[in-house]
Amino acid sequence: MRERYIVRQPIKDEKNQVLAYELLYYGENQAYGNSDDGSGANEFAVADTIYSFLMQNVEKSLKDTVHFMTFTTTLLMKKTPALFEKQKLIIQIDDSVVIHPLALRFVQQYARDGYKIAVNEFQFAPRYLSLIDYIDYIKLNFKTTNEHSMKNIIDLAKSMNKKVIATEIDTKELHDLALSHQVYGMEGPYVAKQLASKAHSSGYLQSNFFRLMVAVVREEPDMEEIENIIAMDATLTYGLLRVANTAYFATKHQVTTIRQAIVTLGIAQLKQWIYLLSTTNSNNEVDSAAEEFLKLSFMRASFCSELMNYGKDIPITPTEAYLMGMFSTLDYLIDAPLEEILSTVPMPDEVRAALLNHEGRCGELYDLVLSYEQADWAQITQHAQALGIPAYMLTNLYFNCTESVNATWNQISGPQPHSAS
């Protein structure tokens with residue numbers, strides 16, 4: 001079976017904040033929308049795979065933000081956009097749809113119905129200009145468009161209040177060029193790899209912390225609930241493990257998991273630690289950059305842990321794999337080099353080598369997670385094969401984790417609970 005992947009690639013603004021995601025499909029050795037021979041045969045295979053995936057996953061995995069998705073003629077005729085809420089979907093089309101009279105009528109009707117429309121690789125041609133009133137986003141390939149055409153298209157878009165998204169940004173030079181043109185958003189391999197400027201708040205998510213306080217003061221605290229709350233937050237996890245391994249709580253064995261740390265401290269000391277945190281960080285709301293890293297670490301942790309169920313000969317436990325993903329963003333949350341941060345908490349040498357140098361089987365696992373984030377098709381396949389993980393399973397595993405993370409994040413970021421009197 002050939003590899004088929006569906007990946008979410010971020011579209012970011014000039015501050016590297018995520019504006020939306022694009023759903024990218026890869027299969028039959030082709031990226032989404034490319035036909036092998038011009039016959040359209042590949043489009044039907046793509047459409048069937050995409051449609052099947054969306055039918056199974058749209059309700060649970062694609063609700064957290066706006067998604068751009070390229071719709072082929074076949075997908076439009078299947079009325080696939082109707083699977084999405086209008087506020088969550090940007091219908092994206094390319095030249096194969098623009099030149100197809102029937103498909104074009106579908107697009108115009110969706111626009112009249114309130115869906116937003118994006119056009120891939122807009123051109124100064126009558127067939128595109130005739131669509132201009134229906135278009136909300138113009139996606140411009142900065143790698144292949146010459147500078148003169150680029151400027152003209154951007155000027156036209158801005159004069160008509162259309163938002164320009166620079167695509168195929170795979171170098172710093174193209175990234176800087178897009179910034180100089182003040183485009184609405186950017187996407188591509190380079191953009192996917194870039195993280196927002198370091199948060200350095202040493203902060204935790206306030207609503208999550210409040211839930212932790214409520215949990216520990218219950219008459220009969222639920223240790224599993226406490227463990228799950230801490231496991232959502234990289235800075236709380238790091239802080240707890242560090243405290244549990246201080247000389248005051250010294251044991252014969254190093255504390256390497258959240259559950260071990262909770263047991264080592266005991267509920268009374270755990271309360272004291274949480275109260276101490278509340279006084280040191282009570283006025284420090286976590287900024288958007290810190291929230292980005294907290295959510296990213298949570299997603300990486302979940303994906304690393306889930307992949308452990310299928311990888312072969314990975315010399316760590318799923319819990320240790322979870323911590324590997326969780327700690328991967330700590331240098332963005334704590335004002336210190338990652339090597340120095342990791343030296344303060346015990347962990348398997350394999351995890352430390354993976355995070356610092358991408359070494360060994362654990363490094364292979366970590367790199368698989370990173371390559372999936374970046375929609376690096378070749379690297380996804382290479383790392384999955386090296387780990388013995390069936391490629392066809394990756395998309396469902398990824399979106400199952402996305403669903404879980406989004407549901408949990410919405411819970412901890414939502415209205416704060418009140419402690420029982």
Side-chain angles (χ1 to χ4, degrees), residues 5-26 31-33 57-58 61-70 84 87-92 116 118 120 136-143 163-172 174-179 182-199 287-304 325 328-329 332-333 366-377 379-380 394-395 397-399 401-406 409-410 413:
Y5 310 126
I6 298 174
V7 176
R8 301 196 316 170
Q9 184 167 76
I11 298 172
K12 300 182 180 181
D13 63 15
E14 74 281 358
K15 296 179 180 178
N16 277 325
Q17 299 296 313
V18 175
L19 298 168
Y21 288 93
E22 179 176 356
L23 279 183
L24 299 176
Y25 171 80
Y26 176 86
Y32 182 94
N57 292 280
V58 69
S61 299
L62 308 177
K63 294 277 189 178
D64 58 319
T65 188
V66 175
H67 286 81
F68 284 69
M69 179 177 169
T70 297
F84 292 82
Q87 297 79 13
K88 297 293 186 181
L89 175 68
I90 309 297
I91 297 175
Q92 192 164 278
K116 301 293 186 182
N120 272 325
D136 301 282
Y137 299 87
I138 289 176
K139 300 190 78 177
L140 194 55
N141 188 328
F142 266 49
K143 197 170 183 178
K163 295 175 179 176
V164 177
I165 297 175
T167 67
E168 299 300 322
I169 305 296
D170 59 3
T171 64
K172 184 179 185 302
L174 287 178
H175 185 264
D176 291 344
L177 179 61
L179 288 176
Q182 298 180 316
V183 297
Y184 168 74
M186 296 168 285
E187 71 172 309
Y190 181 85
V191 176
K193 291 178 183 178
Q194 300 310 301
L195 297 177
S197 57
K198 296 193 176 188
D287 60 24
S288 59
E291 286 200 24
E292 175 191 353
F293 295 120
L294 288 171
K295 189 173 183 180
L296 179 62
S297 64
F298 189 19
M299 180 62 196
R300 287 180 179 178
S302 299
F303 200 22
C304 281
S328 65
T329 64
Y332 287 85
L333 290 162
Y366 180 44
D367 285 343
L368 173 57
V369 170
L370 296 182
S371 62
Y372 214 93
E373 281 180 13
Q374 298 157 14
D376 189 331
W377 312 120
Q379 289 297 307
I380 292 171
L394 289 177
T395 290
L397 292 176
Y398 175 78
F399 279 96
C401 289
T402 300
E403 174 198 6
S404 175
V405 167
N406 287 340
W409 194 261
N410 289 338
S413 301

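Please read these numbers as outputs of a predicted model, since none were measured by experiment.
Atoms CD1 and CG, from I169 and N141 in turn, are 8.0 Å apart once rounded to the nearest 0.5 Å. Residue L368 holds its CG atom at 8.5 Å from SG of C304, rounded to the nearest 0.5 Å. Once rounded to the nearest 0.5 Å, the distance linking CG of L394 with OH of Y5 reads 5.5 Å. Rounding to the nearest 0.5 Å places CD1 of I90 at 12.0 Å from OG1 of T70. To the nearest 0.5 Å, the span separating CZ on F298 from SG on C401 amounts to 9.5 Å.
Residues T402 and M299 form a side-chain contact, since some pair of their non-hydrogen atoms from C-beta on lies under 4.5 Å apart. Considering only heavy atoms from C-beta on, L19 stays 4.5 Å or farther from V66 through its side chain. Residues Y184 and D13 fail the side-chain proximity criterion, which asks for heavy atoms closer than 4.5 Å. Looking only at side-chain heavy atoms (C-beta outward), Q17 and K12 stay at 4.5 Å or farther from each other. Counting heavy atoms from C-beta outward, K143 and L174 have side chains that approach closer than 4.5 Å. In this structure, the side chains of L140 and T167 stay at 4.5 Å or more apart for every pair of heavy atoms.
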* **Evaluation steps, side-chain contact (heavy atoms from CB on, under 4.5 Å), between Y190 and T171** => CA-CA 6 Å; Y190 181 85; T171 64; 5.6 Å; no
* Could you go through the side-chain contact (heavy atoms from CB on, under 4.5 Å) check for H175 and M186 one step at a time? => CA-CA 8 Å; H175 185 264; M186 296 168 285; 3.8 Å; yes
* Report the C-alpha distance between V7 and W377 in whole Å, list the side-chain angles of each, state the deciding distance to 0.1 Å, and finish with yes or no for side-chain contact (heavy atoms from CB on, under 4.5 Å). => CA-CA 9 Å; V7 176; W377 312 120; 3.5 Å; yes
* side-chain contact (heavy atoms from CB on, under 4.5 Å) between Y25 and L23, worked out -> CA-CA 7 Å; Y25 171 80; L23 279 183; over 6 Å; no
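Between H67 and the choices R8, Q92, K88, the side chain to side chain donor-acceptor pair (under 3.5 Å) rule is met once, by R8.
Considering all non-hydrogen atoms of both residues, V18 and P10 come closest at CG2-CB, 4.2 Å. Of all the heavy atoms in Y398 and I6, the pair that sits closest is CD2-O, 4.4 Å.
In this structure a side-chain-to-backbone donor-acceptor pair under 3.5 Å is missing from K116 to I91.
Classified by interplanar angle (parallel below 30°, tilted 30° to 60°, perpendicular above 60°), the ring pair Y372/F303 is perpendicular.
Between R300 and E373 there is a salt bridge, with a side-chain nitrogen of the basic residue lying less than 4.0 Å from a carboxylate oxygen of the acidic one. The pair K163-D136 does not count as a salt bridge, with every side-chain nitrogen at least 4.0 angstrom from each carboxylate oxygen.
Remark: K139 qualifies as a cation-pi partner of F68 under the 6.0 Å distance and 45° angle criteria applied to the six-membered ring.
Under the side-chain contact (heavy atoms from CB on, under 4.5 Å) criterion, E14 pairs with L179, not counting sequence neighbours.
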